[in-house]
Amino acid sequence: MNDITAQKTEVKGGSRNNSQPISTVAPKKIRVIGVPLDLGQSRRGVDMGPSAVRVAGLEARLEALGHRVEDAGNVNVAIAETKKEGDPRAKYLKEITATCVKEAELVLKTLEQGMVPLVIGGDHSVAAGTVSGVAEFHRRQNAKIGLIWIDAHGDLNTPETSPSGNVHGMPLAAILRLGPPELANVFDWSPKIAPENCVIIGVRDIDMTERNNIRQAGITEVYTMRDIDERGMRTVMEEALRTAGRGTAGYHISLDMDWIDPEDAPGVGTPVRGGATYREAHLAMEIIADHGRMLSFEVVEVNPVIDEHNRTANLAVELAMSAFGKKIL
């Protein structure tokens, strides 16, 4: 009996609960970084997202794939009730920037120590810190990085265009140097990503002014849910990864859980109907793993306050496992 036949026989006859996860990627050293930031939005609760994801077994389940995982704990975050919101066009921008600077330094240190950063949020403002740290590390190697932004929203507002003043709608604008300048210039340079290496996937809720900002930023590849419906997740992901990887050291994956339909991910900061299905989300992560060029990963906007039995945090962990190589057979 050859190895493949033996494996199939064992899986068919074995217990589903006792089966050992199989990974398609070489074992990695992963550092988990929690950023319980909730200052970027009006709905409270995402500050508990890192705890919910940890409770869902992130570390143990990644280790079951053969990876070595170290939990660095949480970056310190200011408490909203102890601070003034400041400019209503960009609420708590000072505190959010301070958090992102600390996070960026930890992400940079993580990469310098040969580990892969896995950031768990918190609202999507944390992406400005994550991407800054990853981009700075590779800039010092005379390289640039790509970005896959997976989200129901564009997050390309600025203080001048935002209808709410919530900074979690601005991190991609900061990463691409549209503003706000405080977030854009972490490590004193911008933009962190070249627009030709930035891809947005899964959007279905874009503010009117964001359409202009997308054009102004120079992003040429934006895949809406209609694109996914018409062309399929595989085609979209293959094209996106080629774009993000062209001329780069690899790419950062920024996954907002509100990309997934609320039927499967009810506990998110800003749910929007009509998102990716459970299997579409896993397929996207599996294709990322297949390409093997992911430099860093973050998952944000898990809100256990409005979740159902930690379903969304559990799904976040499952998707992280798929991105880090878990396969079905």
Side-chain angles (χ1 to χ4, degrees), residues 21-35 49-50 52-54 56-71 107 110-111 115-122 124 126-127 130-131 134 145-151 199-202 223 228 233-234 236-245 248-260 264-265 268 275-302 312-329:
I22 304 169
S23 177
T24 60
V25 302
K28 299 181 182 296
K29 297 177 182 178
I30 300 169
R31 174 175 283 164
V32 175
I33 301 170
V35 191
V53 172
R54 287 181 172 110
L58 178 65
E59 182 174 347
R61 293 167 79 177
L62 286 171
E63 286 179 340
L65 293 175
H67 302 300
R68 291 173 54 190
V69 184
E70 170 191 306
D71 196 325
V107 168
T110 297
L111 288 163
M115 290 184 278
V116 178
L118 196 171
V119 173
I120 45 178
H124 216 161
V126 307
T130 313
V131 174
V134 180
I145 68 168
L147 174 61
I148 303 290
W149 194 270
I150 306 175
D151 199 332
V199 185
I200 305 174
I201 297 174
Y223 297 95
I228 293 172
M233 183 62 74
R234 181 177 183 82
V236 166
M237 289 304 301
E238 294 286 353
E239 290 182 6
L241 295 180
R242 281 196 296 271
T243 297
T248 69
Y251 31 76
H252 171 66
I253 306 298
S254 188
L255 172 61
D256 189 323
M257 288 299 290
D258 69 21
W259 170 58
I260 301 159
D264 291 308
V268 297
T277 66
Y278 177 91
R279 264 311 311 164
E280 284 175 330
H282 270 290
L283 177 59
M285 299 300 108
E286 290 161 355
I287 292 171
I288 289 168
D290 289 345
H291 279 244
R293 299 193 62 201
M294 182 177 75
L295 302 171
S296 49
F297 183 87
E298 71 187 340
V299 58
V300 301
E301 299 283 358
V302 173
T312 307
N314 272 300
L315 178 55
V317 172
E318 291 178 14
L319 294 176
M321 292 176 69
S322 288
F324 279 93
K326 183 182 178 182
K327 65 177 185 176
I328 295 171
L329 185 64

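Residue indices begin at 1 and follow the sequence shown.
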Subject >> Residue pair V69 / L118, side-chain heavy-atom distance below 4.5 Å >> reply: no

**OP:** Any chance you could measure R68, atom CZ, to E63, atom CD, to the nearest 0.5 Å?
**Re:** 10.0 Å

Original post:
Would you say the side chain of R31 lies within less than 4.5 Å of the side chain of P117, judging by non-hydrogen atoms?
Top reply: no

**OP:** Provide the closest heavy-atom pair for A316 versus V53 in the form atom of the first, atom of the second, distance.
**Re:** CB-CG2, 4.4 Å

**OP:** Would you name the heavy atoms of V25 and G325 that are closest together and state the gap between them?
**Re:** CG2-CA, 4.0 Å

Subject >> Non-hydrogen atoms of E298 and S254 that approach each other most closely >> reply: OE2-OG, 2.6 Å

Original post:
Closest approach of D264 and L315, non-hydrogen atoms and distance?
Top reply: O-CD2, 3.7 Å

**OP:** Would you check if V299 and L319 make a side-chain contact, meaning some heavy-atom pair closer than 4.5 Å?
**Re:** no

Original post:
Are M294 and I148 close enough that some pair of their side-chain heavy atoms sits under 4.5 Å apart?
Top reply: no

Subject >> Rounded distance [0.5 Å steps], CG in L111 versus CG in L295 >> reply: 7.5 Å

Subject >> Pairwise side-chain contact, I201 with E239, heavy-atom cut-off 4.5 Å (strictly under) >> reply: no

Original post:
In this structure, are over 12 heavy atoms from other groups packed under 6.0 Å from R293 atom CZ?
Top reply: yes

Original post:
Can you find a heavy atom in the side chain of M321 that is under 4.5 Å from one in the side chain of V317?
Top reply: yes

Original post:
What are the two closest heavy atoms between F324 and L65, and how far apart are they?
Top reply: O-CD1, 4.2 Å

Original post:
Just one of V199, T243, L241 clears the side chain to side chain contact (heavy atoms under 4.5 Å, CB included) bar with Y251, so which one?
Top reply: L241

Original post:
Nearest 0.5 Å, what's the CG-CD1 distance between L62 and I30?
Top reply: 5.0 Å

Subject >> With H124 via ring pair (Phe, Tyr, Trp, His ring centres under 6.0 Å) - residues at least two apart >> reply: W149

Original post:
Taking only residues two or more places apart in sequence, or in another chain, which ones meet T248 in a side-chain hydrogen bond (donor to acceptor under 3.5 Å, both in side chains)?
Top reply: none

**OP:** Kindly say whether T130 contributes a backbone atom to a donor-acceptor pair with the side chain of H252 at under 3.5 angstrom?
**Re:** no

**OP:** Please step through side-chain contact (heavy atoms from CB on, under 4.5 Å) for the pair I228 and E280, ending with a clear verdict.
**Re:** CA-CA 9 Å; I228 293 172; E280 284 175 330; 3.8 Å; yes

Original post:
Are the side chains of R54 and I120 in touch, meaning some heavy atoms are under 4.5 Å apart?
Top reply: yes

Original post:
How long is the span from the CG atom in D151 to the CG atom in L255, to the nearest 0.5 Å?
Top reply: 8.5 Å

Solution key, residues 285-292 side-chain donor-acceptor pairs under 3.5 Å, sequence neighbours excluded:
unit_1, atom_1, unit_2, atom_2, d
E286, OE1, R279, NH2, 3.0
E286, OE2, R279, NH1, 3.4
H291, NE2, E238, OE1, 2.7

Original post:
Do D258 side-chain atoms and V268 backbone N/O form a donor-acceptor pair below 3.5 Å?
Top reply: no

Original post:
Any idea which heavy atoms bring A313 and A52 closest together, and the distance?
Top reply: CB-O, 3.5 Å

Subject >> Under 3.5 Å: donor-acceptor pair, side chain of R61, backbone of A320 >> reply: no

